Structures are given as C-alpha cells and as structure tokens.
Amino acid sequence: MKQIALDIGLGSGPTLTNFMAGPNEAVLRHLRLWVGDGSSAAKRSPVPTYLWGPPGSGKTHLLKAVREALREQGATVGWLDASVAEPPPFDERWAAVLLDDVQLYTAVQQHAAFNWFVHAQTGHQWVLAAGELAPAGLKLREDLRTRLGWGHVYGLQVLSEAERRAVLRQAADARGIFLGDDIMDFMLTRFSRDLGSLMQLLDHLDGYALQTQRAITIPLIKAMLEDH
C-alpha cells in the first residue's frame, strides 16, 4: 500500500524532552549532559559529536532540539544544512556549530563546514553534526570527513513499530485525543512511518478535528486529506 508523506509544519518544535529515545537513549543522555542548564558552559567538552542513521531516526530533531536548548540559555549557534546555499562566515560568538545532512553538502558547503570546524576547534566550541552514513562512508572532502569521525560517533536506529505506537499514544493522550487501534493501524499503513511525519500528522489531525468539531476517525482522516 502506498504511503503518503505529509508536508505540514510541526505544531511544537523539537526538544530534547519530546524526543522518544527508544534504542537511542545513549545519545540523548550525551546531548543532555553537554547542553546542561547553561550554568556550566565553560566546562562543556569541545570534542565534536557526529550522529548517523537512516531517515526518520531523529537526527534533525536532535540537532534542532540542541539549537533550541542553547537559544533558551541565551546562546547563538551556527547552523548549516543543504538548504543554506551561501553559508555565512564563522562567528566566534557561536556556542556551537550544528551541521545537518552533511552527506548532501555541495563543494561550497563542505568548504564552509570545514572552515567552521577548524575555527570551532581553535576556539574550543562544540561541533554537532549529522548524516545518513557513518563517517567512513561519507562522500565528502577527506579533511572534513576525518574530522567528523574523530570525536563521539553515535549510530541512531529507527524506532520499532511498537515504540512508534507508544509515542503516538502518549502524544495523543497529552492532547486529550483517543486513538483507537483501527486509527493507529490506518496511520501506520497509509502514511510515512518515520516518527517526525507521524507526529506532524497527529498535530494536523488534532487541528482539523477541532476545526470541524468531530472526533478523530478514519472518515475524518480521509476528509482531511480531501480538503488539503
């Protein structure tokens, strides 16, 4: 059965708190320890961290969650992903450099990422990067690829179906929504199964149900799709 990927915005931004770790508990502990509460910034380790894993394993969620946590502490960061065509120069005021989807970087982006990395090392600032492949498999310039792999490296796993169901149930309960098993089955078979897409779908369903004053049912989901 063809799966549908919805391109809709998140109702609430990614945080370390709303990340369902599942088999990825070790990386969540690592990031929480590094981010801290803002009082121990001077003690943060400058050793870089690289996250890798398949789409839907939570890499971008974690990078955005770290960015938000640092912003809440009053810190700024350098952010680079494949959509940033012209990366800005390195800013020594950044608390960290965050590099997402590195496997997609153009030559210009690789040059910027390497430049940022070198400056961050010199200034003892943290680098947190993510890609779909382990460092050894990245088709990047060698000096950047080796730097991505010399610090902490964590391989992320996609949540099992049982874990995804548990996350959906927990998120629905938090919204006061009841999701029957039939609705859960429909969501997991008809839509993209990665957790980010499922959470977006739940946000969208919640808003549509409130707008139409109807309970969430399979006919409601179909009606929502027809309206969008």
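No experiment lies behind these values; they were computed from the predicted model shown. Every heavy atom of this structure was used, including side-chain atoms; hydrogens, water molecules and symmetry mates were not.
Using a cut-off of 4.0 Å between Lys/Arg side-chain N and Asp/Glu carboxylate O, Asp185 and Arg165 are scored as salt-bridged. The residues Glu68 and Lys64 are annotated as not salt-bridged, no charged nitrogen and carboxylate oxygen being separated by less than 4.0 angstrom.
Judged purely by atom type and a 3.5 angstrom limit, His111 has no side-chain atom pairing as donor or acceptor with the backbone of Ala107. Formation of a donor-acceptor pair under 3.5 Å by the His61 side chain with backbone atoms of Thr15 is found in this model. A donor-acceptor pair is defined here as one N or O able to donate and one able to accept, closer than 3.5 Å; no such pair exists between the side chain of Glu72 and the backbone of Ala69. Checking side-chain atoms of Trp126 against main-chain N and O of Val97 turns up no donor-acceptor pair under 3.5 Å. With hydrogens and angles ignored, the 3.5 Å screen pairs a side-chain donor or acceptor of Gln73 with a backbone N or O of Gly36. With hydrogens and angles ignored, the 3.5 Å screen pairs a side-chain donor or acceptor of Asn24 with a backbone N or O of Gln157. At distances below 3.5 Å, at least one donor-acceptor pair connects side-chain atoms of Gln103 with backbone N or O atoms of Glu132. Judged by distance alone, with hydrogens and angles left aside, the side-chain atoms of Lys59 form a donor-acceptor pair with the main-chain N or O of Pro54 at under 3.5 Å. A donor-acceptor pair under 3.5 Å links the side-chain atoms of Gln109 to the main chain of Val84, judged by distance alone. A donor-acceptor pair under 3.5 Å is formed between the side chain of Gln213 and the backbone N or O of Leu210.
Leu202 contributes atom CG, which lies 10.5 Å from atom CD1 of Ile183 (distance to the nearest 0.5 angstrom). Summarising the geometry, atom CG belonging to Leu51 is positioned 6.0 Å from atom CG belonging to Leu63; distances are rounded to the nearest 0.5 Å. Between Leu28 atom CG and Leu62 atom CG the span is 7.0 Å, to the nearest 0.5 Å.
Minimum heavy-atom separation, Pro48 to Trp150: CD-CZ2, 3.3 Å. Closest approach of Trp79 to Asp81, counting heavy atoms only: NE1-OD2, 2.8 Å. Between Leu159 and Arg164, the closest heavy-atom pair is O-NH1, 2.5 Å. Scanning all heavy atoms of the two residues, the minimum distance from Tyr50 to Leu138 falls at OH-CD1, 3.5 Å. Taking every heavy atom of both residues into account, Ala96 and Leu70 meet most closely at CB-CD1, 4.0 Å. Val108 and Ala85 get closest at one heavy-atom pair: CG1-O, 4.0 Å.
The ring-ring contact (aromatic ring centres under 6.0 Å, His included) check on Trp94 picks up Phe90, Trp116, with sequence neighbours excluded. For Arg145, the salt bridge (charged side-chain N to carboxylate O under 4.0 Å, His left out) test picks out Glu142, with sequence neighbours left out. Taking His152 as the reference, His30 meet the ring-ring contact (aromatic ring centres under 6.0 Å, His included) condition, with sequence neighbours excluded.
Taking 4.5 Å as the limit, some side-chain heavy atom of Leu205 sits within range of a side-chain heavy atom of Leu201. With contacts defined as side-chain heavy-atom distances shorter than 4.5 Å, the pair Asp100/Leu80 does not qualify.
Relative to the ring axis of Phe114, Arg141 places its NZ or CZ within 45° and under 6.0 Å from the centre.
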